[in-house]
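Let me begin by presenting the structure, written as structure tokens, before commenting on it.
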Amino acid sequence: MRESWSPFSFIVTNLARFVRPHEVTFSGVNSTLPMLACLLAKRAYDFEFTYINVAGGVDPQPSSIPISSSDPVLAEGSRSIFSNEDFYDLCTRGEMDLCFLGAAQVDGLGQTNVSSIGDWHNPKVRLPGGGGGAVMLPTARRAVTWRTEHSRRTMVEKLDFLTAAGGMAGVVTPIAVFVKRDGRLALQSWHPESSLDEVRARTAFTFDAEGAGPAEPPTGRERDALRSLDPTGTFERDAGVRLRPEAAA
Amino acid sequence: MRESWSPFSFIVTNLARFVRPHEVTFSGVNSTLPMLACLLAKRAYDFEFTYINVAGGVDPQPSSIPISSSDPVLAEGSRSIFSNEDFYDLCTRGEMDLCFLGAAQVDGLGQTNVSSIGDWHNPKVRLPGGGGGAVMLPTARRAVTWRTEHSRRTMVEKLDFLTAAGGMAGVVTPIAVFVKRDGRLALQSWHPESSLDEVRARTAFTFDAEGAGPAEPPTGRERDALRSLDPTGTFERDAGVRLRPEAAA
Amino acid sequence: MSTSKIIPLGELTSQVANGSSLALGGSFLHRGPFAFVRELIRQGKRDLEIIKQSPGYDIDILCRAGCVRRTRAGIVAMEGNFGLAPYYRKAVEKKEIELEEHACASLTAGLRASAFGVPFQPCGGLHGSALPELNGWQKVADPYGTGEAVYVIPRITPDFAVIHANEVSPEGDVRVFGTSHWDRIMSRSAKRVLVIAERIASSESFASQPELTLIPHFLVDAVAVVPRGAWPGSCWPHYEVDYPAVEAYLPDGADVLAAHLAAAPEAQEAAHA
Amino acid sequence: MSTSKIIPLGELTSQVANGSSLALGGSFLHRGPFAFVRELIRQGKRDLEIIKQSPGYDIDILCRAGCVRRTRAGIVAMEGNFGLAPYYRKAVEKKEIELEEHACASLTAGLRASAFGVPFQPCGGLHGSALPELNGWQKVADPYGTGEAVYVIPRITPDFAVIHANEVSPEGDVRVFGTSHWDRIMSRSAKRVLVIAERIASSESFASQPELTLIPHFLVDAVAVVPRGAWPGSCWPHYEVDYPAVEAYLPDGADVLAAHLAAAPEAQEAAHA
């Protein structure tokens, strides 16, 4: 069975919807879905914005879409190279408008753990580590994260380790879009084939859902843009995002 | 009357003699004589050293010798540009071997004033300011300065303002070469047409002169190198260095 | 799809309010935003704060025209046998302007604090100098037990960085040949960046060697194209210092200043603008 | 008159003593000094400290071969659908290596302190994170009364920075295309700089565009020329990631590691060296 709006498309499209006109938006390492979201926004939306990425690209015109979100092809066509020291400084001095940051666990305050499952000193799983998060999450004007798995293990009441604080402006999962409201994550919308009850059941932290409803389906331009970025569905297959874990059984 | 060793050549040649093999040597703004000294050392000495300058040049091959010691022609032929942040950082982290720094007044400790004649807040003359000095003098492995006037006004017992401390490894004037010994400037040599008595009479600070004697005359290669840098004597005329103020009367 | 940022010099300069702080690019007589500086004078700007490690002609002519309230500088001179900057010197001696005297590197440290988003920046050296006491700079002990103490410089955030560049793209990307002096850190520390350029190069040219771009377009607010705009200074490799013009600028007299301003390339070109 | 700094890879690598700290250039699978890393394994180096904001293949294979005592890193992964770095992960979980977990920018701050010659460097952000307490990082109040407090990171001075470059001059000048990642600050913070390059370009080529040079020759100690030396990673614009080779590297087994080392370009070329 195939969803009318694939959870992969749900994540990428809803990440793209955080991009705003005339802003500076950044995607980093280990960030294939935000990379696709930024490129989708460039193709699907009429407004101008600056897309910078960890490959040094500034509004690049990549000749192909890479598997690795830090691949140098993401700087192809750029008129400048904005390298790592530069984009971190941009963020810490408060000029990074929108920053996509990875997370293994997210809590109700929008804080993240990317360090370890279990105690940091005796980890069950040693995770990649914070990367940009601890510095960028508190200093970016807005930061947004995503999880391909929405469960009580990933959307937690208490983080195993507090890698980065400061709070996300948005979190996108296969079934839900959260935004920051009064210092906590609040549900903004859910996948049309999901429901408020399902989101509550699969989320370990409590959240406000006032005004939330099913997400707007992708526009034709959003669909076309994503199809042009992933014409053979390779990214969608590699990402392996499912609406529900049961769907695979 | 013309001295057999012009005081201009005396200064440039003796500055050049501070350059050592395999070192990194720097000349800055407002530093025509050190610029000529570095270029002379490249032409007259057989050893290798790295000459960097404030125009970003690294071992440049300038097509002409500029009036301004920060002229971009001083980067011509360089295989890299080492710009201002870079050479200051090199110095503060302790990797600048020899740094030429300007001074209006020098005291017996080799400290300098480049800020004001008279009280800083009520200056008789507002001088250019410290530039590199306050940071480079205490952090360069060796720093050397020069004065085209050797008098009790320039070689002082007490500075009008302490712009830069840390102490010069060398000071060159039209009649004398001082080096650092036991934390104070000590006379190393004097112009062959001057004398220890004259140097003492024209210096307001006391100094040790043990082992000092007339400076070694320029070698043929030193003379040739300076002549090749200043074939028409323009730099020498512009510098207007005199052995003694009386000589002009 | 980007919009061109290129506007006339007069319009670019009019964005600067009286009382603004300006970090000026270049050094002494080399690649300074001098057409912009002269336009500040023509527009009668007042109470400016000039921030530059090694100003010369720019601070001198602005002092001469009475535009300056304060400067933060490391070393000030005309250079090239002209010695001290005479109108600047007079302005300081007569206390017509306020001077915050820096080492060049301490000014850079203050700009770095701004660029890095931190309130202060440690600066090597300065030990024994009277400048820290003069400026109230604090020494901070290393909390990690090395026994070292280091001076920290407070953040310096100019309202504008103003850079004279060799080439710009229509979108506002900036290229500089030879040394970038302190232009890079200025462009990262200021609230806004204004650029005066010798000429436009194509977007394709920038894209073919993006590593050469000193300032990416999105940090740049506006660009004016002014050929020979760094006159009477140099702009490598396009032209050298015009020493006779500098010499002609120096004598006293309002007529001398007026003649100098009228002789400037941007004034000569004004009819074509 | 400068002497060539170009020596064989084996000789360059032999300069690294057991127990050295190494800052490795590049990021994840891109332009890393991977031929050098493999040569460390062949030479049986031990107790190394690896310093890199975003290591991946390099730290993983070094952990797999038992060369590492400690790492300071911001984020560690294979990337490109390969997820976590498995041998690194196992080494940390089994406490075979010591980890100092950084934000990438805090590691950069430590390197900046070294490059700037100061004992510590303020780093923006970090507020609320558990990393400062984990690492004992101190917060310093702004002595200038803004009310801000900022974390300061202690100086990090690697024994070596090791960079994989696109082009070098015979004298050791270094050029990189595309992003320089953190290579620039690494080259300024380490005691010594070693470079592995795809190819030599002429001194004249470097002199014609000196602005493109990332590291000037006098900061570089030695260079080895190893075409395809960043394999199985990319080196733009010469070649892309060799994903099948990365996949073939991952399974357990000493024979797998041996086959991977033998398949590397520098091993294939060894006969010609």
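This one's a predicted model, so the numbers in the text were calculated from it and none came from an experiment. Order of the sequence lines fixes the chain letters, A, B, ..., with proteins taken first and strands second; residue numbering starts at 1 for each chain.
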Using the side chain to side chain contact (heavy atoms under 4.5 Å, CB included) rule, take D:Leu84 and A:Val125 through it: C-alpha gap first, then chi angles, then the decisive distance, then the call.
CA-CA 10 Å; D:Leu84 299 175; A:Val125 183; 4.2 Å; yes
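- When each of D:Cys104, D:Ala73, D:Pro132, D:Ser180 is scored by its heavy-atom pairs under 4.5 Å with chain A, the top score falls to D:Cys104.
- Once rounded to the nearest 0.5 Å, the distance linking CD of D:Glu101 with OG of A:Ser116 reads 7.5 Å.
- Proximity to chain A is limited to the side chain of D:Arg112, based on heavy atoms less than 4.5 angstrom apart.
- For A:Asp89, the part lying near chain D is the side chain, with the backbone staying farther off; criterion is any non-hydrogen pair under 4.5 Å.
- Residues from residues 121-130 of chain D that place a non-hydrogen atom less than 4.5 Å from a non-hydrogen atom of chain A comprise D:Cys123, D:Gly124, D:Gly125, D:Leu126, D:His127, D:Gly128, D:Ser129, D:Ala130, given in numerical order.
- In this structure, D:Glu96 places its CD atom where more than 12 heavy-atom neighbours from other residues, nucleotides or ligands lie under 6.0 Å away.
- Proximity to chain D (any heavy atom under 4.5 Å) is restricted, for A:Ala55, to the backbone atoms N, CA, C and O.
- Looking at D:Tyr151, neither its backbone nor its side chain comes within 4.5 Å of chain A, counting heavy atoms on both sides.
- Annotation: side chain of D:Arg184 is not in contact with side chain of A:Asn84 (no heavy-atom distance under 4.5 Å).
- Judged by distance alone, the side chain of D:Lys95 and the main-chain N or O of A:Asn122 form no donor-acceptor pair under 3.5 Å.
- Interface residue A:Thr139: only side-chain heavy atoms are found under 4.5 Å from chain D.
- Put simply, of A:Ala164, A:Ala134, A:Gly56, the one with the most heavy-atom pairs under 4.5 Å next to chain D is A:Ala134.
- A:Ser68 is not listed as a side-chain neighbour of D:Phe28, based on a closest heavy-atom distance of 4.5 Å or more.
- For the set D:Gly74, D:Ala77, D:Pro237, D:Ser106, the entry with the most heavy-atom pairs within less than 4.5 Å of chain A is D:Gly74.
- Side-chain atoms of D:Glu79 do not come within 3.5 Å of backbone N or O of A:Val29 as any donor-acceptor pair.
- A:Ile81 touches chain D through its side chain: at least one heavy atom from C-beta onward sits under 4.5 Å away, while N, CA, C and O do not.
- Heavy atoms closer than 4.5 Å to chain A are found in the side chain of D:Thr108, but not in its backbone.
- For A:Pro138, the part sitting under 4.5 Å from any heavy atom of chain D is the side chain, from C-beta outward, and nothing else.
- The heavy-atom pair separating D:Arg89 from A:Arg126 by the smallest distance is CG-O, 3.7 Å.
- Surrounding CZ of A:Arg237 are more than 12 heavy atoms belonging to other residues, nucleotides or ligands, all under 6.0 Å away.
- Note: A:Asn30 leads A:Val73, A:Asn30, A:Thr92 in heavy-atom pairs under 4.5 Å with chain D.
- Other residues, nucleotides and ligands contribute at most 12 non-hydrogen atoms within 6.0 Å of the CD atom of D:Glu240.
- Heavy atoms closer than 4.5 Å to chain A are found in the side chain of D:Tyr88, but not in its backbone.
- Both the backbone and the side chain of D:Ile185 come within less than 4.5 Å of a heavy atom of chain A.
- The residue among A:Gly57, A:Pro128, A:Gly129 with the most heavy atom pairs within less than 4.5 Å of chain D is A:Pro128.
- Interface remark: of the candidates D:Ala85, D:Ser54, D:Ala105, D:Ala105 forms the most heavy-atom pairs closer than 4.5 Å to chain A.
- In this structure, chain A has no heavy atom under 4.5 Å from any part of D:Leu29.
- The parts of A:Ser115 that come within reach of chain D are both its backbone and its side chain, each placing non-hydrogen atoms under 4.5 angstrom from that chain.
- In this structure, CD1 on A:Ile67 lies 7.5 Å from CZ on D:Phe82, to the nearest 0.5 angstrom.
- Rounded to the nearest 0.5 Å, atoms CH2 (A:Trp120) and CG (D:Leu131) are 8.5 Å apart.
- In this structure, CG in D:Leu134 is found 10.0 Å from OG1 in A:Thr163, a value given to the nearest 0.5 Å.
- In this structure, chain D has no heavy atom under 4.5 Å from any part of A:Thr112.
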